[in-house]
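Since the structure comes first, as structure tokens, the remarks are kept for the end.
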Amino acid sequence: MRLIAQGVDPVRLSFLMALLRDAGIGCVLLDQHISAVEGGIGAFPRRLAVADEDWEHARRILQEAGEEAG
């Protein structure tokens with residue numbers, strides 16, 4: 001797995017996941033349950049990861065959508 005994006009905005013991360021999944025790229029949102037520990041204040045970024053072999057394609061998809069890719 002390779003990190004493609006990170007952030008504290010759950011709406012943005014959901015959008016990025018939808019973009020990737022629509023392109024047929026599987027992705028995993030890491031640290032999504034940390035809000036239970038942090039109290040929902042957005043102090044810890046969530047990380048979005050894709051398989052190593054999908055990283056280049058995923059990066060292009062996010063760049064075409066005007067999003068930064070890691």
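Throughout, residue positions are numbered sequentially from 1 according to the sequence presented. Basis for what follows: all heavy atoms, side chains included, without hydrogens, waters or symmetry-related copies.
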Roughly how far, to the nearest 0.5 Å, is [atom2] of [Y] from [atom1] of [X]?
| X | Y | atom1 | atom2 | result |
| --- | --- | --- | --- | --- |
| L29 | Q6 | CG | CD | 11.5 Å |
| L48 | M1 | CG | CE | 8.5 Å |
| L19 | S14 | CG | OG | 10.0 Å |

What heavy-atom pair brings [X] and [Y] nearest, and what distance separates the two atoms?
| X | Y | value |
| --- | --- | --- |
| L16 | A5 | CD1-CB, 3.8 Å |
| V11 | D9 | N-OD1, 3.0 Å |
| C27 | V50 | CB-CG1, 3.9 Å |

Taking the basic N atoms (NZ, or NE/NH1/NH2) and the acidic carboxylate oxygens, is any pair closer than 4.0 Å for R47 and D31? yes
Consider only side-chain heavy atoms of I, L, V, M, F, W and Y, link residues closer than 4.5 Å, and tell whether L20 and L30 are in one cluster. no
Look at the side-chain heavy atoms of Ile, Leu, Val, Met, Phe, Trp and Tyr, link any pair under 4.5 Å apart, and say whether I25 and F15 land in one connected group.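 Looking at the clustering, F15 is in the same group as I25.
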Whether the side chain of W55 engages the backbone of L3 through a donor-acceptor N/O pair (distance < 3.5 Å, no angle test) should be reported.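 Flag set: sc W55 to bb L3 pair under 3.5 Å.
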Are I4 and R59 close enough, and set up right, to give a side chain to side chain contact (heavy atoms under 4.5 Å, CB included), and what steps lead you there? CA-CA 7 Å; I4 191 74; R59 186 178 62 81; 4.0 Å; yes
